[in-house]
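A short worksheet on the structure shown next.
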Amino acid sequence: MQYAKIDGLRSTAQPKLKAICEHCNSAVHAKCGSKVVWHWAHVSVENCDSWYEPETQWHRDWKNNFGQDRSEISIVKDGVRHIADVLTKDDLVIEFQNSNISAETIMARELFYDKMIWVINGIHFKENFTIWDKEFAENWQLKTEIKQNLNLLNSQPNARVLTVQGNQIKQEAIRQILNRFKFVHNKQYDIYTYDLKDLFNSHALEARIQANILELYKAQKVEQKFKSVIYTWTRARKSWEDAKKPVFIDFNEDYLIWIKTNIGGKSGEGTKVLKKDFLDKYNITR
Ligand SMILES: [Zn+2]
């Protein structure tokens, strides 16, 4: 815990201090080691909240955004007490989840708090999580495939075929890039081909083309407040599959990804929400 009471005042942990847990009134003492975030720990009982997870700097930074009056708030329901990480001015609970948790715990918390949202720390699986702007993914991708049985490719049995998708303007832009890479355009089928035999590394080539297209897209795109994205998540954390409350993932960028479909699955859609806008929406002090 970040806060405990000393002489009735909410205080933060400092070396050697003792205090009283404001949730259960038992004694707590300051834990101020060099490897832990300074916090209060119960002296005799384990922790008065069975859902407690060891606090990280990540939790601390988020809670500090909301200030001490909104952080670590006791919520009692049917004689059971849990400590919400943040309770907003609109009585919305925000739970900041750093470690992986079970589907049962997710469900139990959603039932208990009812009006709540999740922010999970995505830094642990950032390399498994890929995000594309939906607009880019749908209209700016090159489709590549090997079409071995196409008659026109008899002269090039190992040809790989590139198809340009998207509207006219995008098509034109992508064509210019392909021309730069000296692809052969087959007008009859409106496809581009290249022979795999001529290329020692076709994947690297495609990656270079795609990078060129991405650059072009970035130069032309209009910044939107809430941008739709699609994601793929390898080794997805399946326990989130049945989460009913909104889930935002924090990848330590200036935005959060609000998962809109298929949380806990391999791919789905989401929305990029700037952290600044997130805090403006939920924070009374800003
Ligand atoms: Zn306590």
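Here, residue 1 is the first one in the sequence, and each next residue gets the next number. Just follow the structure's listing: the first ligand is 1, and inside any ligand the first atom is 1.
In this structure, Phe278 has its ring center under 6.0 Å from that of Trp62.
Residues Ile117 and Lys245 form no side-chain contact, since every pair of their non-hydrogen atoms from C-beta on lies 4.5 Å or further apart.
Environment of CG in Asp7: sparse, with no more than 12 heavy atoms of neighbouring residues, nucleotides or ligands closer than 6.0 Å.
Phe112 carries Lys77 over the face of its six-membered ring, with the cationic atom under 6.0 Å from the centre and within 45° of the normal.
Within the 3.5 Å criterion, the main-chain N or O of Glu22 finds no donor-acceptor partner in the side chain of Lys5.
Counting only protein N, O or S atoms, the number found under 2.8 Å from the Zn ion (ligand 1) is 4.
Two different hydrophobic clusters hold Val86 and Met1 under the rule that ILVMFWY side chains link at heavy-atom gaps under 4.5 Å.
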